[in-house]
Trainee: 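Take a look at this one; I'll ask things after.
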Amino acid sequence: MRPKIYIKDLSDHIGEQVNLKGWLYNKRSSGKVKFLILRDGTGYLQCIVFKGNVSEEVFETADRLSQESSFEITGTVKAEARAVGGVELDATDVKLISDSVDYPITPKEHGIEFLIDKRHLWLRSKRQAAIMKVRHRVVKAIRDFFDERGFTLFDPPVITPNACEGTSTLFEFDYFDLGKAYLTQSGQLYAEAGALALGKVYTFGPTFRAEKSKTRRHLTEFWMVEPEMAFYDLDDDMDLAEEFLEYIVQTVLRECKDELEILERDTSKLKSVKRPFPRISYDEAVEILKKNGTDFEWGNDLGGGDETIISSQFDRPVMVHRYPAEVKAFYMKRDPLNSRVALAVDVLAPEGYGEIIGGSQREDDLDLLISRIKEHNLPQEFFEWYLDLRRFGSVPHSGFGLGLERTVSWICGIEHLRESIPFPRMIYRNTP
RNA sequence: UCCACGAUAGCUCAAUGGUAGAGCAUGCGGCUGUUAACCGCAGGGUUGUAGGUUCGAGUCCUACUCGUGGAGCCA
């Protein structure tokens, strides 16, 4: 039953007779010759059906194939300069597997609303399939990177009893007799427990934010990878973050050439993603903003437009560190040299893609952490287990979170996060 | 939550307040090398909903519904 050969391997089978299975991507005809474009998930292949080379019945079958109908085709593999991809199939037999009537996504332009409604079919298009393959390769690069460096995968719970950072709006639901529970907005606090147990860990899973964000940079459900390391200070954290991003981007450049070409990505912008990345303090970022004519005031958080101005000064990701403590989360450690700023870092991607990493050195002093929890009006009883991490052998430790969809969107050069995840979840949309 | 824009054929879009159209898709016909093929013919509409102005509304006004993406929040 299963295919013995796939399109991506055909260049090793020139001159051989093969049998392929897949779907009709597109069809052209010129009287007595039909051009069937077969897709099988690994590539696209032009199949030629000449009227003189096949039976009347087979020619009729080829004529009746409609867009996205599934079929099986047998023929001889030929090197052919006129075919896209350089290889084509000279068909001798075509068998319909299952029909496809009135396939809604035609080979013309469509609006985003329509395409998202048909997301389950849109994924069959060349472009969307290429994005999914890049996403897969990014995920593999992430896992390889941490695996090669002695990290342990550490899965945090998705159901949590409280807000991690106390700021974002969370999805809330009833949890049996225990009252309200929430979908996680970050696995970080749990990753800290992991780091103090295992040294270096990373979490990787879905994350949920109930913010009513309506922008190209937000989803309500997205994937985040969060490494957390014992005995890492902020500089160590930044070293790891830049090595990590370089690794991901250079791996995709090397392994996903075909996909990046389908996406028409300007890869020269990715090739320059090499260490070292520029590191600027928040104070220096404010100077850049003022020089570029904004009336930005010290103490505010960087907005989307501010990030674009800053990142446009550099040809690779830029790390902005030491933010005003007031705009950052309660668990971030203050800079011993300047208590107004937190030992935090955001990594801004080039080309206006914005914040793809947010990280910090964590507060490791029990009393300071308790006072921060109070300042933020957070319920201390929910954080007792977290405070235990400071009661029993507290150590300096750091970590960061990388947004998978933002990273994939940046590498692919796509406009909107919704194309970088198979089934995006946004405000006003939870289907298909 | 706030701001802006939008809704016309299955899809993408036209249409000075005066007969609702094109391309793609679909069906039929033509073409032995097409590259989102091309050429000919055909079918396809309660112009988002409700009201109003007008001799006359897809077009102007009001409300609502839905959508889009920007702010805020952040990955």
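Lettering follows sequence order; numbering is per chain, from 1.
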Trainee: Are more than 12 heavy atoms from other residues, nucleotides or ligands located less than 6.0 Å from atom CZ of Arg64(A)?
Mentor: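 No.
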Trainee: For the pair Thr207(A) (side chain) and Gln185(A) (backbone), establish whether a donor and an acceptor sit closer than 3.5 Å, ignoring hydrogens and angles.
Mentor: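 Pair absent, no side-chain N/O of Thr207(A) close to backbone of Gln185(A).
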Trainee: Of Asp306(A) and Trp223(A), whose nearest nucleotide on RNA chain B comes first from the 5' end?
Mentor: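 Between the two, 5'-proximity favours Asp306(A).
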Trainee: Using a 4.0 Å cut-off on heavy atoms, which residues in residues 352-360 of chain A reach RNA chain B? List them by number, or say none.
Mentor: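 Here the set is Glu355(A), Ile356(A), Ile357(A), Gly358(A).
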Trainee: Does G69(B) have its OP1 or OP2 closer than 4.0 Å to a side-chain nitrogen or oxygen of His416(A)?
Mentor: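 For G69(B), OP1 or OP2 has a side-chain N or O of His416(A) closer than 4.0 Å.
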Trainee: Donor-acceptor pair under 3.5 Å: do we get one between His110(A)'s side chain and the base of C11(B)?
Mentor: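 Donor-acceptor pair under 3.5 Å: no.
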Trainee: Which whole number of Å gives the distance between the P atom of C41(B) and that of A4(B)?
Mentor: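 Taking atom P in both C41(B) and A4(B), they lie 47 Å apart.
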Trainee: Between U59(B) and U16(B), how far apart are the P atoms? Round to whole Å, please.
Mentor: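 12 Å, rounded to whole Å.
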Trainee: Figure out the CD/C1' separation between Gln188(A) and A75(B), and round it to whole Å.
Mentor: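 Roughly 13 Å, once rounded to whole Å.
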Trainee: Can you name the ring pair (Phe, Tyr, Trp, His ring centres under 6.0 Å) partners of Phe151(A), sequence neighbours left out?
Mentor: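 Checked Phe151(A) against ring pair (Phe, Tyr, Trp, His ring centres under 6.0 Å); matches are Phe146(A).
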Trainee: For Asn19(A), what residues pass the side chain to side chain donor-acceptor pair (under 3.5 Å) criterion, not counting sequence neighbours?
Mentor: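 Partners of Asn19(A) by the side chain to side chain donor-acceptor pair (under 3.5 Å) criterion, ordered by chain and then number, come out as Glu72(A), Thr74(A).
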Trainee: Using the C1' atom in both, what is the distance from G43(B) to C3(B), to the nearest Å?
Mentor: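 Taking atom C1' in both G43(B) and C3(B), they lie 44 Å apart.
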Trainee: Looking only at the side chain of Phe114(A) (C-beta and beyond, no hydrogens), which of the listed nucleotides A75(B), C11(B), U34(B) gets closest?
Mentor: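 Of A75(B), C11(B), U34(B), C11(B) is nearest to the side chain of Phe114(A).
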Trainee: Roughly how many Å apart are G23(B) and C2(B), using the P atom of each and rounding to a whole number?
Mentor: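 Each nucleotide's P atom is 44 Å from the other's.
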Trainee: Please determine whether side-chain contact (heavy atoms from CB on, under 4.5 Å) holds for the pair Tyr190(A) and Thr160(A), giving the CA-CA distance in whole Å, both sets of side-chain angles, and the decisive distance to 0.1 Å.
Mentor: CA-CA 10 Å; Tyr190(A) 297 96; Thr160(A) 61; 4.0 Å; yes
Trainee: Protein-nucleotides 1-7 of chain B N/O pairs closer than 3.5 Å?
Mentor:
residue	atom	partner	partner atom	Å
U1(B)	OP1	Lys212(A)	NZ	3.1
U1(B)	O4	Lys212(A)	O	3.1

Trainee: Is a donor-acceptor contact shorter than 3.5 angstrom present between the side chain of Arg209(A) and the base of A75(B)?
Mentor: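 By the distance-only test, yes, there is a pair.
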Trainee: Please determine whether the number of non-hydrogen atoms from other residues, nucleotides or ligands lying under 6.0 Å from atom NE2 of His136(A) exceeds 12.
Mentor: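 No.
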Trainee: One pair to check against side-chain contact (heavy atoms from CB on, under 4.5 Å): Val318(A) and Gln313(A). What are the steps and the verdict?
Mentor: CA-CA 9 Å; Val318(A) 54; Gln313(A) 314 288 312; over 6 Å; no
Trainee: Round to the nearest Å and state the distance from Tyr44(A) atom OH to U34(B) atom C1'.
Mentor: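 Value for this atom pair: 19 Å.
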Trainee: Rounded to the nearest angstrom, tell me the gap between atom CG in Leu170(A) and atom P in C74(B).
Mentor: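 After rounding, the gap between these two atoms is 13 Å.
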Trainee: Using the test ring pair (Phe, Tyr, Trp, His ring centres under 6.0 Å), find all partners of Tyr247(A) that sit at least two apart in sequence or belong to another chain.
Mentor: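 Ring pair (Phe, Tyr, Trp, His ring centres under 6.0 Å) check on Tyr247(A) returns Phe145(A).
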Trainee: Using a 4.0 Å heavy-atom cut-off, does Glu226(A) contact any base of the nucleic acid, only the sugar-phosphate backbone, or nothing at all?
Mentor: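 Nothing, no heavy atom under 4.0 Å.
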Trainee: When you check the gap from the basic side-chain N to the acidic O, do Asp266(A) and Lys271(A) get nearer than 4.0 Å?
Mentor: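 Looking at Asp266(A) and Lys271(A), the cut-off is not met.
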Trainee: To the nearest Å, how far apart are Arg28(A) CZ and G33(B) C1'?
Mentor: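 Distance, rounded to whole Å: 10 Å.
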Trainee: Could you go over nucleotides 22-31 of chain B and give all protein N or O partners under 3.5 Å, atom names and distances?
Mentor:
residue	atom	partner	partner atom	Å
C31(B)	N3	Gly31(A)	N	3.1
C31(B)	N4	Ser29(A)	OG	3.3
C31(B)	N4	Gly31(A)	N	3.4

Trainee: Between Gly305(A) and Val327(A), which residue's closest nucleotide on RNA chain B lies nearer the 5′ terminus?
Mentor: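 By nearest-heavy-atom nucleotide position, the 5'-most residue is Gly305(A).
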Trainee: Take atom P in G30(B) and the same atom in U12(B), then report the distance between them in whole Å.
Mentor: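 That atom pair is separated by 33 Å.
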Trainee: Between G58(B) and U54(B), how many Å separate the two C1' atoms, rounded to a whole number?
Mentor: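 The answer is 16 Å between these two C1' atoms.
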Trainee: Please report the distance, rounded to the nearest Å, between NZ in Lys27(A) and P in A36(B).
Mentor: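 Going from NZ in Lys27(A) over to P in A36(B) covers 17 Å.
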Trainee: Step through the shown structure and confirm whether more than 12 heavy atoms of other residues, nucleotides or ligands are within 6.0 Å of CD on Glu57(A).
Mentor: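 Counting neighbours around CD of Glu57(A), 12 or fewer heavy atoms of other residues, nucleotides or ligands fall under 6.0 Å, so no.
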Trainee: Roughly how far apart, to the nearest Å, are G10(B) and G45(B) at atom P?
Mentor: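 Between the two P atoms, the distance is 7 Å.
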Trainee: Whole-Å distance between G10(B) P and Leu115(A) CG?
Mentor: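 Taking atom P of G10(B) as the reference, CG of Leu115(A) is at 17 Å.
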Trainee: Just the rounded figure in Å: distance from P of C66(B) to CD of Glu113(A).
Mentor: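 My rounded result for the distance is 12 Å.
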Trainee: With a 4.0 Å cut-off on heavy atoms, is Asp346(A) in touch with a base, just the backbone sugar-phosphate, or nothing at all?
Mentor: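 The residue Asp346(A) makes no contact with any strand.
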Trainee: Rounded off to whole Å, could you give me the CZ-to-C1' distance for the Phe296(A) and G72(B) pair?
Mentor: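 Answer to the nearest Å: 14 Å.
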Trainee: Identify, with sequence neighbours excluded, every residue that meets ring pair (Phe, Tyr, Trp, His ring centres under 6.0 Å) alongside Tyr232(A).
Mentor: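 Checked Tyr232(A) against ring pair (Phe, Tyr, Trp, His ring centres under 6.0 Å); zero matches.
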Trainee: Paired stems touching RNA chain B, three or more consecutive Watson-Crick or G-U pairs with both distances under 3.5 Å?
Mentor: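 Stem list for RNA chain B: B:1-7 with B:65-71, B:10-13 with B:21-24, B:26-30 with B:38-42, B:48-52 with B:60-64.
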Trainee: Can you identify which nucleotide, out of U68(B), U34(B), A75(B), has its nearest atom closest to the Met224(A) side chain?
Mentor: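 Side chain of Met224(A) sits closest to A75(B).
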Trainee: Considering every strand and a 4.0 Å limit on heavy-atom distances, what is the contact class for Ile105(A): base, sugar-phosphate, or nothing?
Mentor: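 If one applies the 4.0 Å heavy-atom cut-off, Ile105(A) turns out to touch nothing in the nucleic acid.
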Trainee: Suppose the criterion is ring pair (Phe, Tyr, Trp, His ring centres under 6.0 Å): which pairs have a residue in residues 89-134 of chain A, not counting sequence neighbours?
Mentor: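 Ring pair (Phe, Tyr, Trp, His ring centres under 6.0 Å) check on residues 89-134 of chain A returns His110(A)-Phe114(A).
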Trainee: Under the ring pair (Phe, Tyr, Trp, His ring centres under 6.0 Å) test, which residues partner Phe204(A), sequence neighbours left out?
Mentor: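 Phe204(A) satisfies ring pair (Phe, Tyr, Trp, His ring centres under 6.0 Å) with Trp223(A) once adjacent residues are dropped.
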Trainee: Mark this stacking check for Phe222(A) against A75(B) as yes or no, applying ring centres under 5.5 Å and ring planes under 30°.
Mentor: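 Taking the rule of under 5.5 Å and under 30°, the ring of Phe222(A) does stack on A75(B).
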Trainee: Residues in side chain to side chain donor-acceptor pair (under 3.5 Å) with Lys328(A), at least two apart?
Mentor: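 By the side chain to side chain donor-acceptor pair (under 3.5 Å) rule, Lys328(A) matches Asp346(A).
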Trainee: Give every donor-acceptor pair under 3.5 Å between a side-chain atom in residues 416-428 of chain A and any protein atom, sequence neighbours left out.
Mentor:
residue	atom	partner	partner atom	Å
His416(A)	ND1	Arg418(A)	N	3.1
Glu419(A)	OE1	Gln128(A)	NE2	2.7
Ser420(A)	OG	Glu405(A)	O	3.3
Ser420(A)	OG	Ser409(A)	OG	3.3
Ser420(A)	OG	Leu417(A)	O	2.7
Arg425(A)	NH1	Asn430(A)	O	3.3
Arg425(A)	NH1	Pro432(A)	O	3.4
Arg425(A)	NH2	Asn430(A)	O	3.3
Arg425(A)	NH2	Pro432(A)	O	3.2

Trainee: Could you tell me how far G17(B) sits from C61(B) if I compare only their P atoms? Round to whole Å.
Mentor: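 Their P atoms lie roughly 11 Å apart.
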Trainee: So, is Arg217(A) near the phosphate of A71(B), with a side-chain N or O under 4.0 Å from OP1 or OP2?
Mentor: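 Answer is yes, contact under 4.0 Å.
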Trainee: May I ask you to check if Lys126(A) and Tyr44(A) form a cation-pi contact, with NZ or CZ under 6.0 angstrom from the six-membered ring centre and within 45° of the axis?
Mentor: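 Because its charged atom sits under 6.0 Å from the ring centre and within 45° of the axis, Lys126(A) does stack over Tyr44(A).
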